[in-house]
Amino acid sequence: MAKDFIQLNSKDELGNIFLYKGVFSTIAANVIDEVKDIQLAESNKPFKNGIQTRIDQNKLFLSIPVKVVYTANVTDVCAALQNKVYESISYMTDYKPENIQIDVVGFIF
């Protein structure tokens with residue numbers, strides 16, 4: 001059963017830490033804003049950024065639709081974005097995502 005949050009392993013007995021899936025989408029969107037030659041694809045729903053976040057058995061799966069500048073090397077830009085999103089989520093939340101999928105849905109001319 002899919003949940004809307006991830007429970008982090010507590011290092012002490014003071015309580016539990018839960019992270020909502022929107023936290024991971026926001027971190028990924030902020031990383032995309034920092035990377036040149038790439039842009040987050042617009043969502044057709046208001047107040048949504050287009051990033052699909054799924055949590056299954058306390059494992060995080062991200063699907064990020066992007067547009068790439070037509071002069072950029074798509075493979076290199078997507079690999080760099082994937083690594084940067086992974087590192088940012090790991091650093092900010094102390095949780096390592098299971099899968100980060102970058103979907104190129106168009107180009108920027």
Side-chain angles (χ1 to χ4, degrees):
M1 181 176 163
K3 295 182 181 178
D4 288 341
F5 57 86
I6 286 183
Q7 180 178 1
L8 298 179
N9 295 330
S10 299
K11 295 182 174 108
D12 55 21
E13 297 181 15
L14 295 176
N16 296 322
I17 298 173
F18 295 94
L19 295 174
Y20 182 68
K21 67 182 183 178
V23 170
F24 303 106
S25 298
T26 303
I27 292 171
N30 289 339
V31 169
I32 292 170
D33 288 341
E34 296 173 0
V35 176
K36 70 174 202 162
D37 294 336
I38 204 160
Q39 182 181 35
L40 185 61
E42 298 88 18
S43 174
N44 55 0
K45 296 180 182 178
F47 305 111
K48 295 284 184 176
N49 59 9
I51 298 174
Q52 294 179 353
T53 307
R54 185 171 57 92
I55 298 172
D56 190 18
Q57 298 178 356
N58 215 39
K59 294 181 180 176
L60 175 65
F61 301 90
L62 289 170
S63 179
I64 305 172
V66 296
K67 292 183 180 180
V68 180
V69 173
Y70 77 99
T71 57
N73 185 332
V74 175
T75 305
D76 292 343
V77 170
C78 290
L81 176 64
Q82 192 174 32
N83 289 332
K84 190 159 178 131
V85 168
Y86 180 85
E87 290 171 0
S88 295
I89 289 174
S90 299
Y91 177 74
M92 291 182 189
T93 64
D94 201 28
Y95 183 81
K96 298 189 180 353
E98 185 72 23
N99 186 3
I100 300 172
Q101 178 179 333
I102 308 296
D103 299 321
V104 178
V105 296
F107 292 95
I108 303 168
F109 294 98

Among the clusters formed by ILVMFWY side chains lying less than 4.5 Å apart, do [X] and [Y] turn up in the same one?
X	Y	value
Ile6	Met92	yes
Tyr70	Ile38	yes
Ile102	Phe107	yes
Phe61	Val23	no
Ile55	Leu8	yes

To check you understand the geometry: which heavy-atom pair defines the closest contact between Ile51 and Ala29, and what is its length?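 Nearest pair, atom of Ile51 first, then Ala29: CD1-N, 3.7 Å.
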* Parallel, tilted or perpendicular: ring planes of Tyr95 versus Phe24, cut at 30 and 60 degrees ->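 Ring orientation of Tyr95 relative to Phe24: tilted.
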Of all residues at least two apart in sequence or in a different chain, which pass the side-chain hydrogen bond (donor to acceptor under 3.5 Å, both in side chains) check with Gln39?
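None.
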Would you tabulate the side-chain donor-acceptor contacts of residues 71-84 under 3.5 Å, counting partners in other chains and residues two or more places apart, or write 'none'?
unit_1 : atom_1 : unit_2 : atom_2 : d
Asn73  : OD1    : Thr75  : N      : 3.2
Asn73  : ND2    : Asp76  : OD2    : 3.1
Gln82  : NE2    : Ile100 : O      : 2.4
Asn83  : ND2    : Ala79  : O      : 3.3

Measure the [atom1]-[atom2] distance between [X] and [Y] for me, rounded to the nearest 0.5 Å.
X	Y	atom1	atom2	answer
Ser25	Ile64	OG	CD1	8.5 Å
Phe18	Asp4	CZ	CG	13.0 Å
Tyr91	Lys96	OH	NZ	12.5 Å
Leu19	Leu60	CG	CG	10.0 Å

Q.
Does Val104 form a side chain to side chain contact (heavy atoms under 4.5 Å, CB included) with Val66? I'd like the steps, not just the answer.
A. CA-CA 5 Å; Val104 178; Val66 296; 4.3 Å; yes
*asked:* Can you confirm whether more than 12 heavy atoms, excluding those of Phe109, are under 6.0 Å from its CZ atom?
replied: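 Enclosed: over 12 neighbouring heavy atoms sit under 6.0 Å from CZ of Phe109.
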task: Can you sort out the partners of Thr26 under side chain to side chain contact (heavy atoms under 4.5 Å, CB included), two or more places apart, ordered by chain and number?
output: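 Checked Thr26 against side chain to side chain contact (heavy atoms under 4.5 Å, CB included); matches are Asn30.
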Ignoring hydrogens and geometry beyond distance, is a side-chain donor-acceptor pair present between Asn99 and Gln101 at under 3.5 Å?
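Per modelled atom types, Asn99 and Gln101 side chains form no pair under 3.5 Å.
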